Participant: 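Got a structure for you, written out below as structure tokens; questions coming shortly.
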Amino acid sequence: MIRSPTRERTSSTWRDSITVMVLAGLISAGPVSAQTLDISGYFENTLQIDYTAQTKEQLLNAAKLRLDFSSSVSNGLEFTGNINFIVNVGAIERDIRPYLPDAAALALESAGAATTYSLSGSRTFLDNAYLTWLAGPVRLRLGKQQLSWGPAYSYNPTDLFHRKNLLDPTYEKEGVTAIRTDYRWGVGGQLSVIAVPNEDFASSGYAARFATHIESIGYDIAVTAHRVQDSTAIDPTTLRSTMQRRSALGVELSGELLGLGAWLEGNYNWMQHDSDFTRFVLGIDYTLTDGTYLLAEALYSGRSQLDRPYALGDWLANLYFGEPIGTGWIMAGIRRDISELTLASVYLFATPDGSLLVNPRVDTSVAQNADLVLFGAFTLGREDGAFPSGLYSLLCRASVYF
Amino acid sequence: MQRDSRATRTKQLIVRLAVAGWMAESLFTATGSAQDEGALWLQRIDAAERIPYSYGVMRQTITTSGGSVRTFTIRTWSAENGDVSLMTYVDPPRVAGDKILQLQGGDDFWYYMKRRDVTRHFAGHNRRQSAMGSDFSYEDMATGDLTEDYTAAVLGFDEVDGVETVRLRCTPTESGPSYDHLVLWASVEDNLTRKIEYYDEQHHLKTLHLTDFHVVEDRKVAMKLEMVNHREGSRTLLETVEVTFAEEPDPSLFTQAALSRRIPGD
């Protein structure tokens, strides 16, 4: 599988200044908090082997050091953050054509567009850094932070700030610089209001979520609203990312249905330039008495072209921004302990065009503070399907925590 | 002669029916009384084990069938007679800062992963999943009332670790845990649980041993809980390092908002 670059983000003096304010807050706490500043983290080495018939094997080794900091600055005021240092060695420049159908690859070449992308050899960045102020049920958070929403496993239609890697959807995601306020009540009651500053108010992102738990039926329900700057579509003429305003109204629902866990997460999106669309995920899960966990999800996405051959722009949006291609997929998964310290799982993604992605995974604890994860994927399907045959990927990730 | 014979058969039939009826009534009465008695024992156990509120530090040691050991240190708070609780992992660094919130007597769990700043809700069938790779599932950790989660019948009286105990067969109610049944031994003297066996329809899955009883602040509690997993061959020991029942924890700890914030002493 190709690993697409992170979503393009517009540089923002607002966002930079919030992060600087957060760091300044921590530094100004100085000698008082120096004794209470907790430092932890992990080192992680990921070896990735990708194979296609055209490229043969391509190796990439990523060494990552994550340093976590947290401190109680004063009563009700906390700082949390982490810095990531990542060094990529190996095939950091990739040809994207093996991941496209022949017709799309030819169209890309004839348009004179770039056929490769590059990962940086090394990257040091502030992954999360935020101040949290707590006053009873109210929480105010300033800085680069996690804004993940939605109960779905493989894809979250109501999360417009982060993207998931289909092969590793539970892996940590880079924070987003934002101002966020939450008010919580009872069991599951929550009102969240988020602002993601940009160059001016008009281009800034805004989101709100109202959630509650309906005890009589045992369901968590939430309504979400977004107005953000979207850069996840590709202009079919220029083959470049399109910046446009995106508004969305969504719903999240999770509870039990006939003894099964059940959830619905979806939204309707109004786009400034592109066609409006609906996107939702329906899921069910069940845990057998021996602890085996079964999961199924169906994603419907009305954004890209629904039938083959998919447009080149849809392919590029898929590769670069993780946007679903076609109408979506049906996913089935099983997860169980194969020994006391080893968890095995397999997830199958099947699309209406008949193509299939198989994603096996083994997680094991090799020592008190060391994990080993082996996961990957292979595809089976038509050459112009969402998951065409002949793509293989294997990742081996070793982590030690301190 | 024929009439006598018919009369004799009729008498025999009446006697048989009467005996059968008496036996059925006796059996019904015995079963009913075992269940009534079982319910009384559950009430006694609930009363003896009910802790209004507490704070403690636990050491959890998981030993696999192959002899590998994983040790965790956990701080715990409980209130409302155990209906709500919060656990926060202090050590090892891999999970430090992760938290488990239990509300509504264990009907609902939330698991907060610090590094990802993500919270997962465990309810219904999800409570069968292992808690942090241990031999305890989320529903095993639930501290709701036995009388709400089970019906019980007295099976007999045994000695466990030198203590006279009542042996109860506990069958989950509709809203109770997922096991087919439990066999529970509780001390006749202090009504505290000494041992629990967990069963599915066919197998004896796990056994929980409660030992090392100490009196802390006038309350007798088991300082060691060991869950032996017969299917995996592994075991998880929960040892109480420190416990107090003196001060009621801040109610704001038992909220979802508390999951993502630092707790004093962390």
Side-chain angles (χ1 to χ4, degrees), chain A residues 38 40-42 66 68 70-72 78 80 82 128 132 134 136-139 145-146 148 151 170-173 175 182 184-190 213 215 218 220 254-256 259-261 285-291 293 337 339-341 343 365-371 399-402, chain B residues 62-66 68-72 91-97 103-104 107-108 110 113-130 133-135 137-138 178-180 200-201 203 205 229 231-236 252 255-258 260-264 266:
Chain A
D38 294 327
S40 60
Y42 64 76
R66 171 173 163 148
D68 285 273
S70 66
S71 177
S72 279
E78 301 168 1
T80 311
N82 71 284
N128 296 281
T132 306
L134 296 154
V138 178
R139 186 186 78 174
Q145 57 189 293
Q146 297 295 310
S148 297
T170 58
Y171 192 65
E172 62 197 39
K173 295 176 277 288
D182 292 273
R184 287 181 181 269
W185 67 93
V187 176
Q190 183 181 22
H213 177 75
E215 197 169 344
D220 294 322
S254 62
E256 276 207 1
L260 302 171
D285 68 354
Y286 191 71
T287 308
L288 303 178
T289 48
D290 68 354
Y293 176 70
D337 293 322
S339 76
E340 296 99 320
L341 301 172
L343 187 68
S365 164
V366 291
Q368 175 84 9
N369 276 310
D371 291 341
S399 311
V400 288
Y401 300 84
F402 51 86
Chain B
I62 303 171
T63 308
T64 70
S65 55
S68 298
V69 173
R70 301 286 181 271
T71 306
F72 302 82
D91 193 62
R94 185 167 65 85
V95 292
L103 297 181
Q104 306 191 76
D107 287 346
D108 287 294
W110 284 264
M113 288 159 272
K114 185 190 169 194
R115 277 208 177 79
R116 287 172 53 206
D117 194 23
V118 163
T119 304
R120 269 193 76 193
H121 183 191
F122 288 84
H125 63 88
N126 275 319
R127 294 179 307 153
R128 294 172 196 160
Q129 293 179 22
S130 157
S134 74
D135 294 294
S137 64
Y138 287 94
S178 62
Y179 297 105
D180 179 71
D200 67 9
E201 288 81 357
H203 305 103
L205 304 172
N229 188 326
R231 195 163 42 195
E232 305 289 348
S234 54
R235 56 185 60 223
T236 299
S252 70
T255 60
Q256 290 168 68
S260 60
R261 75 177 198 226
R262 283 171 66 97
I263 292 177
D266 270 0

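These numbers come from a predicted model, not from an experiment. To find a chain, count down the sequence lines: A is the first, B the second, and so on, and within it residues start at 1.
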Participant: Would you mind checking which part of A/Asp290 comes under 4.5 Å of any heavy atom in chain B, side chain (CB onward), backbone (N, CA, C, O), both or neither?
Facilitator: both
Participant: Given side-chain contact (heavy atoms from CB on, under 4.5 Å), test B/Arg115 with A/Ser40 step by step and report yes or no.
Facilitator: CA-CA 10 Å; B/Arg115 277 208 177 79; A/Ser40 60; 4.1 Å; yes
Participant: With the side chain counted from C-beta on, respond yes when A/Ser254 and B/His121 share a heavy-atom pair under 4.5 Å apart, and no when they do not.
Facilitator: no
Participant: Just so I know, are the side chains of A/Tyr293 and B/Asn126 near enough to count as touching, which here means a heavy-atom distance under 4.5 Å?
Facilitator: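 Sidechains of B/Asn126 and A/Tyr293: in contact.
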Participant: Sort B/Arg127 into side chain, backbone, both or neither according to what part of it lies under 4.5 angstrom from a heavy atom of chain A.
Facilitator: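 Neither part.
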Participant: Check whether A/Ser399 gets within reach of chain B through its side chain, its backbone, both or neither, counting any heavy atom under 4.5 Å.
Facilitator: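 For A/Ser399, neither part sits under 4.5 Å from chain B.
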Participant: If we only count heavy atoms from C-beta on, is the B/Val118 to A/Gln146 side-chain gap below 4.5 Å?
Facilitator: no
Participant: Quick check: closest heavy atoms across A/Ser72 and B/Arg262, and the distance to 0.1 Å?
Facilitator: OG-NE, 3.0 Å
Participant: Which region of B/Ser234, side chain (C-beta onward) or backbone (N, CA, C, O), has a non-hydrogen atom less than 4.5 Å from a non-hydrogen atom of chain A, or is it both or neither?
Facilitator: both
Participant: For A/Glu78, is it the side chain, the backbone, both, or neither that has a heavy atom closer than 4.5 Å to a heavy atom of chain B?
Facilitator: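 For A/Glu78, the side chain is the part near chain B, not the backbone.
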Participant: Side chain of B/His125, backbone of A/Gly259: donor and acceptor closer than 3.5 Å?
Facilitator: no
Participant: Identify the two heavy atoms, one from A/Thr289 and one from B/Ser178, that lie closest to each other, and give their separation to 0.1 Å.
Facilitator: CG2-O, 4.2 Å
Participant: Highest number of heavy-atom pairs under 4.5 Å with chain B: which of A/Gly218, A/Gly291, A/Ser339, A/Gly188?
Facilitator: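 Among the listed options, the one with the most contacts to chain B is A/Gly188.
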Participant: Does A/Arg184 reach the side chain of B/Thr255, with side-chain heavy atoms less than 4.5 Å apart?
Facilitator: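 SC-SC contact between A/Arg184 and B/Thr255 ruled out.
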Participant: Chain B heavy atoms under 4.5 Å from A/Val366: which part of the residue, side chain, backbone, both or neither?
Facilitator: backbone
Participant: Verify, without hydrogens or angle tests, whether A/Gln368 (side chain) and B/Thr71 (backbone) share a donor-acceptor contact under 3.5 angstrom.
Facilitator: yes
Participant: Is it the backbone or the side chain of A/Leu343 that comes under 4.5 Å from a heavy atom of chain B, or both, or neither?
Facilitator: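 For A/Leu343, no heavy atom lies under 4.5 Å from chain B.
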Participant: Heavy-atom cut-off 4.5 Å, strictly under: side chain, backbone, both or neither for A/Asn128 against chain B?
Facilitator: neither
Participant: I need the residue from A/Asn369, A/Val400, A/Leu341 with the largest number of non-hydrogen atom pairs under 4.5 Å to chain B.
Facilitator: A/Asn369
Participant: Check this for me: does any side-chain nitrogen of one of B/Lys114 and A/Asp68 sit under 4.0 Å from a carboxylate oxygen of the other?
Facilitator: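 Judged by the 4.0 Å cut-off on N to carboxylate O distance, B/Lys114 and A/Asp68 do not form a salt bridge.
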Participant: Heavy-atom pairs under 4.5 Å with chain B are the metric here; pick the option from A/Arg66, A/Glu172, A/Lys173 that has the most.
Facilitator: A/Arg66
Participant: Using 0.5 Å steps for rounding, measure from the CG atom of B/Asp117 to the CG atom of A/Asn82.
Facilitator: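 Output value for this atom pair is 10.5 Å.
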Participant: Could you go through A/Gln190 and B/Gln256, starting from their C-alpha distance and side-chain angles, then the distance that decides it, and tell me whether this counts as side-chain contact (heavy atoms from CB on, under 4.5 Å)?
Facilitator: CA-CA 10 Å; A/Gln190 183 181 22; B/Gln256 290 168 68; over 6 Å; no
Participant: Shorter than 4.5 Å, heavy atoms on both sides: which option in A/Thr132, A/Asp337, A/Asp220 has the most such pairs with chain B?
Facilitator: A/Asp220
Participant: Would you say the side chain of A/Arg139 lies within less than 4.5 Å of the side chain of B/Arg261, judging by non-hydrogen atoms?
Facilitator: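 Answer no - side chains too far apart.
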Participant: Non-hydrogen atoms of chain A under 4.5 Å away: do they reach the side chain of B/Val69, the backbone, both or neither?
Facilitator: backbone
Participant: Quick check for you: among B/Arg70, B/Arg128, B/Arg116, which has the greatest number of heavy-atom pairs under 4.5 Å with chain A?
Facilitator: B/Arg70
Participant: About how many Å separate CG of A/Leu134 and OG of B/Ser260, when rounded to the nearest 0.5 Å?
Facilitator: 7.5 Å
Participant: Should A/Glu340 and B/Asn229 be marked as a side-chain contact (heavy atoms from CB on, under 4.5 Å) after you check the CA-CA gap, both sets of side-chain angles, and the distance that decides it?
Facilitator: CA-CA 10 Å; A/Glu340 296 99 320; B/Asn229 188 326; over 6 Å; no
Participant: Against chain B, work out which of A/Gly261, A/Ala367, A/Ala370, A/Gly136 has the most heavy-atom pairs shorter than 4.5 Å and name it.
Facilitator: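 Most heavy-atom pairs under 4.5 Å with chain B: A/Ala367.
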